[in-house]
Asker: 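Questions regarding the structure given below will be posed in turn.
Given the structure is predicted, the values throughout are model-derived calculations rather than measurements.
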Amino acid sequence: MTDAERGTFQFLLFLDALAILVSMVAGPLEHTAVAIGAAASAVLISVCLIVYGLVFWPRNRK
C-alpha cells in the first residue's frame, strides 16, 4: 500500500466515523433526513473500504 493509498484510506475511515457520529446525534434530535443520509453515507463508505481491503490488498504480506 502506497502512502497515498494509506492516507486516502485513513481519511475515508475518519469520514466514516464522522458520518456515524452525525447519524447517532441527529437521530434522537429528530432530524430524520440528516440521520438517514449520514447513515447511508457511512454504509456506502464502509462497504467500499471493506471491498477495497479484501480485493486490492495483497494476500501475503511479508
Asker: Scan the side chains in residues 17-27 for donor-acceptor partners under 3.5 Å anywhere in the protein, sequence neighbours excluded, and list what turns up.
Answerer:
{"unit_1": "Ser23", "atom_1": "OG", "unit_2": "Ala35", "atom_2": "O", "d": "3.1"}

Asker: Output side-chain donor-acceptor pairs under 3.5 Å for residues 36-46, partner residues at least two apart or in another chain, one line each.
Answerer:
{"unit_1": "Ser41", "atom_1": "OG", "unit_2": "Gly37", "atom_2": "O", "d": "3.0"}
{"unit_1": "Ser46", "atom_1": "OG", "unit_2": "Asp16", "atom_2": "OD1", "d": "3.2"}
{"unit_1": "Ser46", "atom_1": "OG", "unit_2": "Asp16", "atom_2": "OD2", "d": "2.7"}
{"unit_1": "Ser46", "atom_1": "OG", "unit_2": "Ala42", "atom_2": "O", "d": "2.8"}

Asker: Going by heavy atoms in the side chains, are Glu5 and Tyr52 under 4.5 Å from each other?
Answerer: yes
Asker: Group every Ile, Leu, Val, Met, Phe, Trp and Tyr by side-chain heavy-atom contacts under 4.5 Å, then state whether Leu29 and Val34 land in the same group.
Answerer: no
Asker: So among Leu15, Thr8, Leu13, which one has a side-chain contact (heavy atoms from CB on, under 4.5 Å) with Phe11?
Answerer: Leu15
